[in-house]
2 protein chains.
Amino acid sequence: MPVTERFNNLDQAKQRKILAAAVEEFAEQGFMQASMNRLVHKLGIAKGSLFQYFGSKEGLFRFIFEHAVDLVRQSLRQVKRDTADADFFLRIRRSLAAGVAFIDRHPQVYQIYLKMIFQEKFPYRTEFLQQVHLFSAEYLTPLVEAGIERGELRADLDVATTVFLLDAVLDRFLQAYSVSFLDAGMGIYRAGEDQVKERIERVIEVLRQGLGSSEADPAPRSGADQKGSKRRHV
Amino acid sequence: MPVTERFNNLDQAKQRKILAAAVEEFAEQGFMQASMNRLVHKLGIAKGSLFQYFGSKEGLFRFIFEHAVDLVRQSLRQVKRDTADADFFLRIRRSLAAGVAFIDRHPQVYQIYLKMIFQEKFPYRTEFLQQVHLFSAEYLTPLVEAGIERGELRADLDVATTVFLLDAVLDRFLQAYSVSFLDAGMGIYRAGEDQVKERIERVIEVLRQGLGSSEADPAPRSGADQKGSKRRHV
DNA sequence: TCCTAGAATGACCACCTGGTCACTTTGCTG
DNA sequence: CAGCAAAGTGACCAGGTGGTCATTCTAGGA
């Protein structure tokens, strides 16, 4: 029996209420700064009860965390299925839109995720980051490989670099959607559905076509380092 | 007189020692979780002294914070000057390399920056994010505009979208350099100087050329929105 | 040598933390 | 209704927090 046996015997409504309040607390405060006292007060239940249910603060977090991971996994599988035979760029746009939709449905879960990335003292942080890396690799790599095979992507693309680039842009788009001042003034933060869709198209289109003008293309490397020898200033 | 008068009268060595320890504490713990008691213990000075110097925990943070902002501003100005008349992609590569060099010299300052982005309760967080946004706008926007004018970038690029994309990629590269599992397996995390340089070239080159194959290029729009209704292209 | 201005000090304060456990309440069974 | 196991409770604990301030120390001038 897990520590949470007692909690599982509660009626669904109470369970949901407790979980919702706990998710809110962790989303707003992070792990270390979250307070069991405050949580208990918000819920109007006794502190002892909460500890009977989950054993410890970390136990509560683990419970919530696993729930959240499930949600993400589910969501990812769904998108992958739904877009299976679309062309590469449509799939990417759809994935990004799905990301935004996920944040709309579970904003606090996303908040916790963001806090975990750079706040070292979260429990399970390392395992979690590994998992996320795996998700992204398992999701994007075959997508890119299929895109190359189908001729939708340049044949000479390095897969790892491309995955990194996509990861960077997708992640930042979602961050810009839920954190102010990260959208470089292009109106992504908390934008409406239509605007989000339009911004997604803009960004992905630039990514597809590239920044460079078609003239002056080749030989990009010569002269990459003028001062010769090492440089380490700034 | 600022609150820090007493601190300024200390000899340089002691000042540096205190600042270094404080930066370390904030970098490791964030603001809320940083402990004045622990800091004082690390330094071997009395708690009362530290509070005489800076008035409060927030006062200490402000002092360090302003120091850090100065460092960044200085660094940015330098890069801008050093690369003023290079071509667009070289400037970008140089800027990214300068970012990596900055992290090498001030890893803890960068740590604090990362924590501030997603941890809401940092003092000055909002002003800080605005500042960063301004930096990025003031730095990248003219760079992109010049690139378009010189014909190095596609003439039909939307400037805001391009700046967003660059911001996303540059930021993520630096994050990947200093946080594990964010580099999508392409070997950026704590990489050596040469490897960093090579990875920068790879990433920027893909960004320049774009992902799309040159065939199948035009009409990217048809079928982009199966559900019909409005579309708001690029 | 003495005196004193100003710096250094750490015991102390009110408050908060995660966690415990003896006690009370609840609700089912016989 | 009695008995009893399980669930609920909150006062309590040790230990941490940012912050204060009466006291002690110290360095330099007379």
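Lettering follows sequence order; numbering is per chain, from 1. All heavy atoms count here, side chains included; hydrogens, waters and symmetry mates do not.
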Within the pair [X] and [N], is there a side-chain N or O less than 4.0 Å away from OP1 or OP2?
{"X": "B/Tyr53", "N": "C/dA8", "value": "yes"}
{"X": "A/Ser35", "N": "C/dG18", "value": "yes"}
{"X": "A/Asn37", "N": "C/dC16", "value": "no"}

Task: Along DNA chain C (nearest heavy atom to each residue), the more 5'-positioned of A/Gln52 and B/Lys14 - done: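 Closest to the 5' end, via its nearest nucleotide, is B/Lys14.
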Distance check needed: [N] [atom2] versus [X] [atom1], whole Å only.
{"X": "A/Arg6", "N": "C/dC21", "atom1": "CZ", "atom2": "C1'", "result": "12 Å"}
{"X": "B/Leu50", "N": "C/dT9", "atom1": "CG", "atom2": "C1'", "result": "13 Å"}
{"X": "B/Met36", "N": "C/dC16", "atom1": "CE", "atom2": "C1'", "result": "18 Å"}
{"X": "A/Glu25", "N": "C/dG18", "atom1": "CD", "atom2": "P", "result": "9 Å"}
{"X": "A/Phe31", "N": "C/dT17", "atom1": "CZ", "atom2": "P", "result": "14 Å"}
{"X": "A/Arg38", "N": "C/dT17", "atom1": "CZ", "atom2": "P", "result": "6 Å"}
{"X": "A/Phe54", "N": "C/dG18", "atom1": "CZ", "atom2": "P", "result": "15 Å"}
{"X": "B/Phe51", "N": "C/dA11", "atom1": "CZ", "atom2": "P", "result": "16 Å"}

Mind checking [X] for me? I need base, sugar-phosphate or nothing, with any heavy atom below 4.0 Å counting as a touch.
{"X": "A/Lys47", "result": "base"}
{"X": "B/Ser49", "result": "base"}
{"X": "A/Phe7", "result": "nothing"}

TODO: Kindly check if the number of other-residue, nucleotide or ligand heavy atoms within 6.0 Å of CZ (A/Arg125) is above 12?
DONE: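 More than 12 within 6.0 Å, yes.
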Task: Neighbour count >12 (heavy atoms, 6.0 Å) for atom CD, B/Gln195 - done: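 Counting neighbours around CD of B/Gln195, more than 12 heavy atoms of other residues, nucleotides or ligands fall under 6.0 Å, so yes.
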Task: Along DNA chain D, first and last positions that approach a heavy atom of chain B under 4.0 Å - done: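 Contact span on the strand: D/dT17 to D/dC21.
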Task: Ion pair A/Glu120/B/Lys115, N-O distance below 4.0 Å - done: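 Here A/Glu120 pairs with B/Lys115 in a salt bridge, since their nearest N and O are under 4.0 Å apart.
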- [ ] Please determine if B/Arg73 and B/Glu66 form a salt bridge, counting it only when a charged side-chain N lies under 4.0 Å from a carboxylate O.
- [x]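 Looking at B/Arg73 and B/Glu66, the cut-off is not met.
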Task: Cation over ring face, A/Lys57 and A/Phe31, 6.0 Å, 45° - done: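 Output yes; distance and angle both within limits.
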Task: Any residue meeting ring-ring contact (aromatic ring centres under 6.0 Å, His included) with B/His67, in chain and number order, not counting sequence neighbours - done: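 Per chain and number, B/His67 pairs via ring-ring contact (aromatic ring centres under 6.0 Å, His included) with B/Phe63.
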TODO: With rounding to the nearest 0.5 Å, note down the distance linking CZ in A/Phe7 to NZ in A/Lys14.
DONE: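 One finds 10.0 Å between CZ of A/Phe7 and NZ of A/Lys14.
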